[in-house]
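Hydrogens, waters and symmetry mates play no part in the numbers below; they use all other heavy atoms, side chains included.
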Amino acid sequence: MEPTQKPNPVYDIVILGASGFTGKYVVREALKFLQTPSSPLKSLALAGRNPTRLTQSLQWASRPNPPPSSVDILTADTSDPDSLRRLCTQTKLVLNCVGPFRIHGDPVVSACADSGCDYLDISGEPEFMERMEAKYHERAEETGSLIVSACGFDSIPAELGLLFNSKQWEPPSVPNQIEAYLALESTKKMAGNFGTYESAVLGVANAEKLKELRRSRPRKPRPSIHGPPAKGPTLENQKKIGLWALKLPSADAVVVRRTLTTLTEKPHGLPGVNETPDQIQKREAFWSAIKPAHFGVKITSKSLFGIFRYVTLGVSLGLLSKFSFGRWLLLKFPSVFSLGWFQKKGPSEEEVESATFKMWFIGRGYSEESLVSEGKTKPDMEIITRISGPEIGYITTPIALVQCGLIVLGQRESLVKGGVYTPGIVFGPTDIQQRLEDNGISFEVISKNKIQD
């Protein structure tokens with residue numbers, strides 16, 4: 001089956017699910033770059049099931065200006081494959097905001113992979129992402145469809161944060177382990193996104209499916225990391241940043257590991273469709289400076305009570321997600337089981353504006369690569385970096401997704417032809433970090449120290 005995409009799609013970007021909680025914030029972010037002088041985004045459409053709600057979303061996102069007349073409203077439904085195929089023939093790139101992706105994502109990826117249309121989403125669901133790679137990677141390679149999940153807060157900060165910390169280890173030093181510590185801060189009490197909560201419930205419920213999928217696939221090479229993994233505590237008082245921290249099973253860790261696995265298979269990264277010699281040299285130099293490390297994520301709190309709330313949520317999910325009645329309870333009464341953290345109505349604009357995040361990356365390793373071969377396995381060097389930014393689900397996620405989209409539009413020749421990949425391996429060597437910094441997300445080196453015994 002040949003790709004059916006028209007030679008000249010009508011739109012640069014279609015935002016699918018543009019009337020959802022997160023979708024309308026993505027529209028607001030995209031409008032900042034529509035038809036501005038240096039932006040490759042010249043034409044935009046919004047797609048979803050309900051044209052009235054899409055129009056309302058566009059009006060909300062355009063405030064205080066009237067909605068731009070150039071933005072079209074298209075009807076498409078994830079349960080109607082024909083509508084998705086039509087959508088894919090009309091656009092160069094789909095930004096998919098329709099979650100949970102485990103339920104709604106597959107038909108959209110399938111339509112993009114068949115048509116040769118590019119696809120980015122904001123999924124943080126490991127089983128969905130790995131299943132899409134297993135099902136559609138070869139087809140997407142053939143048709144030239146670039147498919148990248150986790151282009152929101154899951155997992156752009158984690159991916160770029162690991163790469164940023166790894167780059168600070170200048171030869172002969174090498175990292176062994178880089179741990180991310182996530183702190184969510186807000187001046188107002190804020191309810192989390194119900195869609196995120198629903199994805200977590202379904203993720204725990206389907207954990208066995210992910211294990212089955214992995215068992216069924218060929219084993220991939222493991223990254224070569226200097227020194228053994230350190231077995232850290234599940235709960236710790238991390239004095240370097242003044243916070244309690246709890247180890248989490250995290251989508252970020254899964255995505256980062258997949259990026260490092262791809263890098264093991266392709267040490268120079270992914271060749272672009274039509275790179276210049278300068279672009280090839282820049283890409284190869286970027287990846288040669290990246291040294292893989294054991295990676296994990298911890299959620300932090302200033303108090304043990306905050307940690308207790310995370311534990312309560314984790315225990316509720318773990319015990320109840322496995323049964324259909326338990327899942328019904330969790331999804332019917334999210335506020336009860338998350339101790340008020342998640343609610344169906346989502347946060348107000350004021351709550352969103354009041355929230356921020358900080359993500360510390362504490363890297364430990366060796367001042368000399370040779371120390372490991374000499375049998376000295378205790379790290380003697382530590383590098384701490386940090387990424388900070390605005391609220392994670394409605395501000396940072398749209399910033400990250402839209403900047404990835406603008407790179408796909410404006411730098412397509414230097415990106416890989418097609419296939420299903422993680423964001424780190426696709427966007428790492430581009431100017432994504434600079435773009436995020438230009439849009440309010442900061443990258444800092446906090447300290448570089450020798451560890452005293």
Please determine whether a side-chain nitrogen of the Lys or Arg among [X] and [Y] lies less than 4.0 Å from a carboxylate oxygen of the Asp or Glu.
X	Y	result
Lys42	Asp12	no
Arg49	Asp80	no
Glu141	Lys417	no
Glu127	Lys209	no
Arg258	Glu133	yes

Any side-chain to backbone donor/acceptor pair from [X] onto [Y]? Under 3.5 Å, distance only.
X	Y	result
Gln238	Lys240	yes
Lys291	Ala289	yes
Tyr11	Leu46	no
Asn439	Arg435	yes
Arg327	Ser321	yes
Arg412	Val416	yes
Ser39	Thr36	no
Asn176	His226	yes
Ser173	Glu368	no

Checklist entry - Would you call the rings of Phe128 and Phe101 parallel, tilted or perpendicular, where under 30° means parallel and over 60° means perpendicular? => result tilted
Checklist entry - Aromatic ring centroids of Phe361 and Tyr181 under 6.0 Å? => result no
Would you please say whether a donor-acceptor pair under 3.5 Å links the side chains of [X] and [Y]?
X	Y	value
Glu391	Thr396	no
Tyr136	Asp106	yes
Asn165	Thr385	yes

Item to check | From OG (Ser216) to CZ (Arg131), nearest 0.5 Å | outcome: 11.5 Å
Checklist entry - So, for Leu74 and Ala45, which heavy atoms are closest and what is the spacing to 0.1 Å? => result CD1-CB, 3.8 Å
